[in-house]
Protein chains: 2
Amino acid sequence: MRLDPKTDLTLTRTIDAPRAVIWECWTTPEHIKNFFVPKPHRVDACEIDLRVGGRFNMTMDVDGKKIDSEGVYLEIVDGERLVFTDTYSEGWKPAVDPFMTAIIEFADNGDGGTTYTATARHRSPEARQSHEDMGFHDGWGIVATQLEEYARSLE
Amino acid sequence: MRLDPKTDLTLTRTIDAPRAVIWECWTTPEHIKNFFVPKPHRVDACEIDLRVGGRFNMTMDVDGKKIDSEGVYLEIVDGERLVFTDTYSEGWKPAVDPFMTAIIEFADNGDGGTTYTATARHRSPEARQSHEDMGFHDGWGIVATQLEEYARSLE
């Protein structure tokens with residue numbers, strides 16, 4: 001994929017857990033709750049219908065405030081690539097003001113671990129900047145660390 | 001699919017040509033050029049990569065003005081359902097200001113013909129209204145008539 005530095009943000013990490021486990025973590029509601037938002041924020045509810053156009057909905061608790069998020073999967077390459085967005089809710093209903101499209105990529109690192117790349121694509125340079133200012137790099141980095149810890153606890 | 005009358009526009013027509021032919025017309029650049037815009041406007045170029053996330057790009061000539069449009073397919077159910085949008089270009093690059101998401105449905109009408117339903121979903125009631133004011137019903141109706149004439153010429 002060709003990135004656009006004006007509108008995209010991306011983060012690559014090596015995770016010391018097998019690709020199949022990381023994929024399972026990313027596609028199972030019970031697992032998602034354990035790493036998807038930086039603690040002490042948390043995921044209270046998560047619904048996944050893992051097919052193109054299927055729902056990826058969530059209720060998060062951020063400093064005691066409930067935040068509902070609705071999204072869909074755009075592309076699913078088993079074990080390798082997951083694309084989802086809040087641009088649509090189920091049934092291809094367009095959102096008024098979508099935030100981002102996320103592309104999560106998983107590759108074997110040749111050492112039993114996983115090269116994990118999380119990319120957020122935005123509609124405009126302003127949206128990208130706003131996401132960076134919100135703490136994209138720290139936030140998604142913490143999520144990657146939480147994911148590694150949780151995935152290793154499953155082994 | 002549950003429609004939302006506040007943001008969706010839809011049109012259903014019976015077309016006197018087999019579903020397989022209508023599907024072929026909608027998914028082949030050389031066919032698309034013959035019906036996709038109300039004449040005398042025309043399609044000068046069309047590129048189709050018929051897979052989820054694949055491009056559906058077009059150059060149109062409207063009153064001598066060249067209009068480029070980039071889009072992707074979101075869902076493809078062979079012979080039955082085609083979902084595309086200008087919300088993304090290839091690679092899941094979000095558009096700044098997308099116009100609509102189109103859902104085209106094809107069903108056998110039991111009499112050798114096709115029940116053809118074209119739905120446009122919009123981000124807001126204002127976008128829906130603007131599309132209606134631009135002449136959604138007349139325009140998409142003319143396209144359906146052109147499609148029927150062209151499909152019958154292929155038989």
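In the text below, chain A, chain B and the rest are named by the order of the sequence lines, each starting its count at 1.
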For V96(A) against R123(B), the heavy-atom pair lying closest together: O-NH2, 2.9 Å

Heavy-atom pairs under 4.5 Å with chain B - which of A127(A), P98(A), A95(A) has more of them than the others? A95(A)

Residue K66(A) excluded, over 12 heavy atoms near NZ under 6.0 Å: yes

Nearest heavy-atom approach of I103(B) to G91(A) is CD1-O, 4.2 Å

What's the spacing between E75(B) CD and L74(A) CG if we round to 0.5 Å? 11.5 Å

Closest contact, heavy atoms only, R121(A) versus W92(B): CD-O, 3.3 Å

Would one find more than 12 heavy atoms of other residues, nucleotides or ligands at under 6.0 Å from atom CZ of R51(A)? yes

Within 6.0 angstrom of K6(B) NZ, more than 12 heavy atoms from elsewhere: no

Same cluster or not: are F36(A) and L50(A) linked, directly or through other Ile, Leu, Val, Met, Phe, Trp or Tyr residues, by side-chain heavy atoms under 4.5 angstrom apart? yes

May I ask whether Y73(A) and V72(B) are part of the same hydrophobic cluster, defined by side-chain heavy atoms of I, L, V, M, F, W, Y residues being less than 4.5 angstrom apart, directly or through others? no

